[in-house]
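Okay, so here's the structure we're looking at.
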Amino acid sequence: MITESTATHIHWFRQDLRLEDNPSLVAAARAGRVLPVYILDDENAGNFRMGGASRWWLRRSLSALNASLGGTLNFYRGDAGEILDELCQRFGVQEVHWTRCYEPWRIARDTAIKKALTAAGISARSHAGALLFEPWSISKNSGGYYQIFSPFYKKLRAQDAPDEPVSKPALDGLLVEDPQALALDALELAPRVAWDTGLCARWEPGEASALDRLAAMVDAQFEDYAEGRDFPARDSVSRLSPHLHFGEVSPRQIWQATEPLEADPQVEAFRRQLCWREFSYSLLFHVPELPTENFRKSFDAFAWKNDPTQLARWQQGRTGFPLVDAGMRELWETGTMHNRVRMIAASFLVKNLQIDWRLGAAWFWDCLVDADLANNSASWQWVAGSGTDAAPYFRIFNPTSQAKKYDPDGRYIRRFIPELKSLPNKYLFNPCSAPESVLEAANVRLGKTYPRPMVDLKQSRQQALDAYQLTR
DNA sequence: CAGATTTTGGA
DNA sequence: CCAAAATCT
């Protein structure tokens with residue numbers, strides 16, 4: 001029974017936009033009413049404020065969460081510390097709970113907030129919930145953090161299983177609405193011009209949809225995941241990454257859901273990918289400059305070309321290499337790119353065009369619905385060869401042979417590059433090699449309807465290797 | 001989570 | 001002779 005004297009506690013939603021397996025929400029609901037809060041804090045995010053695609057996702061995810069809270073979610077915009085402070089005073093809040101985030105700017109902000117709230121006599125408590133294990137908990141026996149995935153993974157698997165998910169708390173009658181809160185639309189997350197058609201067609205943000213995706217993968221027993229995940233035309237990947245990023249589903253829920261199938265190599269392969277996420281978070285936690293600085297300092301001497309015209313062609317998917325272009329257009333149209341193609345498109349930018357990985361990472365940050373600082377930074381550095389556990393520099397993807405290998409029937413390429421759809425497979429991966437008569441029959445006019453290759457693969461590869469040699 | 005080149009071994 | 005496998009980069 002709720003009485004006048006019942007205390008009000010805040011659960012501050014951030015990247016945990018779910019009701020299930022939310023220990024922070026459970027803690028807030030344990031001892032009183034709950035003021036559920038979301039704050040769009042662009043002020044503290046600096047250069048890492050969410051990009052356009054992420055905002056699109058966020059708006060829909062918040063809308064779904066608000067609905068599942070009976071429309072009681074309270075929205076704010078601005079400096080989180082100031083807003084929480086004001087709310088605490090106005091509602092006489094005794095406890096503030098949140099799920100930990102690990103972006104360096106959030107750690108700095110949250111640490112300051114915890115300090116200020118504590119000084120004001122308010123209990124501020126952060127809870128684990130975004131990862132299987134806290135990023136400081138998996139460390140080498142000799143101390144220090146892992147820089148290589150394989151031993152990290154081995155150590156992780158040697159741990160006791162992650163904590164079990166917790167059930168959603170009973171919130172009936174406990175939720176508090178703030179009449180002064182903003183409407184969701186006041187966060188201005190929606191696109192101003194309608195560029196989001198492709199995103200709407202591809203995605204359904206929200207906890208219910210995330211759990212549906214997970215259930216569908218479990219029902220299908222992750223069939224063809226291990227091999228199929230490398231083939232962008234197949235439907236073998238989970239597409240859980242944006243749901244995971246926004247915390248609509250937790251990694252612990254995924255771990256538990258896959259437990260009965262853990263002996264299956266397909267499931268093992270999937271769990272391994274989930275652990276790459278853990279690895280990236282561990283790296284970001286221990287190396288907060290990971291998003292902006294070469295992990296390997298010798299890379300600071302690398303001679304980037306950073307040609308803005310070439311960067312624009314890559315961004316627009318007009319490089320003349322069909323698989324790269326298909327990937328870049330998938331990204332633009334749908335807010336995602338298949339993982340295999342991400343590696344190929346990123347390698348092309350960094351190696352064949354010699355454009356700084358940070359420019360590529362910035363583009364992905366703006367375009368991806370699953371833009372995640374840990375994953376994005378660690379993965380770009382991995383591809384660039386500047387990171388921990390880096391790909392050896394001589395490993396330069398050949399976009400043509402990768403296309404033949406991983407999109408052999410050209411289904412993925414044709415899907416995103418319709419102007420090449422009538423070109424026979426024999427020439428699809430290298431339109432320039434097609435005889436004039438074939439091009440004409442397929443209605444392809446090189447340099448007009450589809451660009452010629454913007455670089456020579458062999459030459460640009462050698463240039464990258466030479467530039468790399470100069471840094472050593 | 002390679003590519004290029006050389007070597008090998010089976011038609 | 002060619003393609004798979006081994007080997008360097």
Side-chain angles (χ1 to χ4, degrees), chain A residues 146-154 156 222 224-234 236-239 241 265-283 295-296 298-299 302 321 323-324 326-327 330 336-354 357 360-361 364 368 370 372 374-408 412 429-430 453 455-472:
Chain A
Y146 283 104
Q147 299 189 17
I148 299 178
F149 175 73
S150 302
F152 172 87
Y153 182 61
K154 200 172 166 191
L156 187 154
F222 293 83
D224 192 41
Y225 180 81
E227 189 202 333
R229 58 181 292 273
D230 267 329
F231 292 79
R234 296 191 202 173
S236 302
V237 294
S238 73
R239 284 188 274 121
S241 58
Q266 307 290 335
V267 174
E268 168 67 19
F270 175 71
R271 282 183 157 195
R272 191 181 165 87
Q273 290 307 117
L274 193 61
C275 291
W276 269 99
R277 177 176 180 271
E278 300 279 315
F279 180 58
S280 297
Y281 271 86
S282 172
L283 280 183
F295 178 81
R296 286 168 59 190
S298 60
F299 250 82
F302 192 88
F321 294 94
L323 187 56
V324 174
E330 179 184 28
T336 191
M337 194 195 304
H338 187 277
N339 177 255
R340 162 62 48 179
V341 190
R342 290 190 199 198
M343 294 194 286
I344 296 163
S347 167
F348 183 79
L349 182 80
V350 170
K351 315 262 166 106
N352 295 283
L353 301 182
Q354 274 178 246
W357 62 268
F364 274 30
L368 282 171
D370 65 14
D372 182 279
N375 284 149
N376 202 40
S377 309
S379 302
W380 272 95
Q381 294 229 38
W382 182 89
V383 171
S386 63
T388 65
D389 194 13
Y393 199 82
F394 50 77
R395 185 184 288 169
I396 299 174
F397 287 80
N398 179 319
T400 307
S401 42
Q402 288 277 315
K404 286 178 188 159
K405 191 169 174 185
Y406 294 112
D407 190 29
Y412 177 78
F429 310 112
N430 186 190
V455 289
D456 178 80
L457 283 184
K458 202 169 172 183
Q459 210 172 52
S460 56
R461 177 176 199 277
Q462 194 53 50
Q463 282 178 17
L465 289 169
D466 292 346
Y468 178 65
Q469 276 307 317
L470 292 175
T471 69
R472 311 192 74 220

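For clarity, every value in this text was computed on a predicted model and none was experimentally measured.
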Is it the case that A/Arg234 places NZ or CZ above or below the six-membered ring of A/Phe231, under 6.0 angstrom from the centre and within 45 degrees of the axis?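 Pair A/Arg234/A/Phe231 counts as cation-pi.
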Aromatic centroids of A/Phe348 and A/Phe321 separated by under 6.0 Å: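 A/Phe321 vs A/Phe348: aromatic centres under 6.0 Å.
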Rounding to a whole Å, what distance do you find between A/Arg472:CZ and C/dT9:C1'?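 Rounded to whole Å, this separation is 11 Å.
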Just by distance, no angles: are the side chains of A/Arg340 and A/Gln402 close enough, under 3.5 Å, to form a donor-acceptor pair?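 Yes, because at least one side-chain N or O of A/Arg340 sits under 3.5 Å from a partner of the opposite role on A/Gln402.
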Pair A/Ser236, A/Asp224: side-chain N/O donor-acceptor within cut-off below 3.5 Å: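 Yes, because at least one side-chain N or O of A/Ser236 sits under 3.5 Å from a partner of the opposite role on A/Asp224.
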Within the 4.0 Å heavy-atom criterion, would you say A/Ser347 contacts the bases, only the backbone, or no part of the nucleic acid?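 No contact.
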First and last nucleotide of DNA chain B touching chain A, 5' to 3', heavy-atom cut-off 4.0 Å?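 First-to-last contact on DNA chain B, by the 4.0 Å heavy-atom rule, is B/dC1 to B/dA4.
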Between A/Asp370 and A/Arg342, does any NZ, NE, NH1 or NH2 come within less than 4.0 Å of an OD or OE carboxylate oxygen?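 Salt bridge present between A/Arg342 and A/Asp370.
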